[in-house]
Amino acid sequence: MVLDVNWAVRWLTLCAQAMAENRVWLIELDRAIGDSDHGENMDRGFQAVLEKLAEAQPETPGAALKLTAMTLMSKVGGAAGPLYGTAFLRASTALGDAAEIDPGHLADALVAARDGIVARGKAESGDKTMVDAWTPAAEAAQAAAADGTDNVLGVLVAAAEAAEAGAVATDPLVARKGRASYLGERSAGHRDPGAASSALILRAAVGAAA
């Protein structure tokens, strides 16, 4: 499987589908510990990405991710817009003008995305945020890329599985960042919505490459 601009567009299309299909679930997660708008915001943001992609086909994967970053920053409210926008922008920068993405560059892009989220949100692993999905995903991607197998799908699968596990692992955590932190101990027992949407995004990347 070649990760080129066609893959990137498929990935973003599948992201939009995932956000539409899981909109209500993400709203319910956010209602428990946030302000109930995460599902609506993510759905609206990725539908806007699809509209931008329909207007002009990007020439490289990096260009597709930069378009996504700019769109999410302008269309997604709350904390998610700046955080996801920064993630996609950092990933775009890591990819540069490359027409195709190899395992090493893929891992670098996921690490850059995670670093952007950390820099923007000032959160760490264990704070019950999307970092709890992105950090294990980035680390798994690095490990998969370093094992010497020239397999971008393997890197994507490793990242998605780690993100999904990381999202589930936020359930018992007490939130230390964001609106959920206002609930203190009452935030425990609920999944972080940002970690959940992050896992959906990374699983969509696998689907686009399968």
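Just so it is clear, the structure is predicted and the values come from calculations on it, not from any experiment.
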Check against side chain to side chain contact (heavy atoms under 4.5 Å, CB included), L83 and T129: CA-CA 11 Å; L83 289 170; T129 70; over 6 Å; no
Do [X] and [Y] come within less than 4.5 Å of each other through their side chains, counting heavy atoms only?
X    : Y    : answer
D192 : D132 : no
E59  : D97  : no
L29  : H38  : no
V152 : W7   : no
V206 : L153 : yes
K52  : V49  : no
T93  : R90  : no
Q57  : N6   : yes

So which atom in [X] and which in [Y] form the shortest heavy-atom distance, rounded to 0.1 Å?
X    : Y    : answer
S198 : M130 : OG-CB, 3.5 Å
I201 : W11  : O-NE1, 2.8 Å
D127 : E124 : OD2-N, 2.8 Å
P172 : V168 : CD-O, 4.2 Å
A137 : A163 : CB-CB, 4.0 Å
L89  : M73  : CD2-CE, 4.3 Å

Value rounded to 0.5 Å, distance of [atom1] in [X] from [atom2] in [Y]:
X    : Y    : atom1 : atom2 : value
R179 : D30  : CZ    : CG    : 8.5 Å
T60  : L95  : OG1   : CG    : 8.0 Å
F88  : T68  : CZ    : OG1   : 5.5 Å
L156 : R203 : CG    : CZ    : 9.5 Å
E21  : D43  : CD    : CG    : 10.5 Å
M42  : D37  : CE    : CG    : 11.0 Å

Side chain to side chain contact (heavy atoms under 4.5 Å, CB included) between M19 and L200, worked out: CA-CA 8 Å; M19 295 309 153; L200 292 173; 4.1 Å; yes
Applying the 4.5 Å side-chain criterion to the ILVMFWY set and letting contacts propagate, would [X] and [Y] be lumped into a single cluster?
X    : Y    : answer
M70  : V5   : no
L3   : L14  : no
L72  : L67  : yes
L173 : V118 : no

Side chain to side chain contact (heavy atoms under 4.5 Å, CB included) between K128 and I33, worked out: CA-CA 11 Å; K128 197 183 183 89; I33 59 173; 3.9 Å; yes
Side-chain hydrophobic cluster, 4.5 Å single linkage: members besides V111: none
Side chain T170, main chain G166, donor-acceptor under 3.5 Å: no
Heavy-atom donor-acceptor pair, R10 side chain to A209 backbone, under 3.5 Å: no
Side chain to side chain contact (heavy atoms under 4.5 Å, CB included) assessment of T71 paired with F46: CA-CA 8 Å; T71 305; F46 274 98; over 6 Å; no
Distance-only side-chain donor-acceptor flag, D108 / H105, under 3.5 Å: no
Contacts of type side-chain hydrogen bond (donor to acceptor under 3.5 Å, both in side chains), residue D171, not counting sequence neighbours: R191
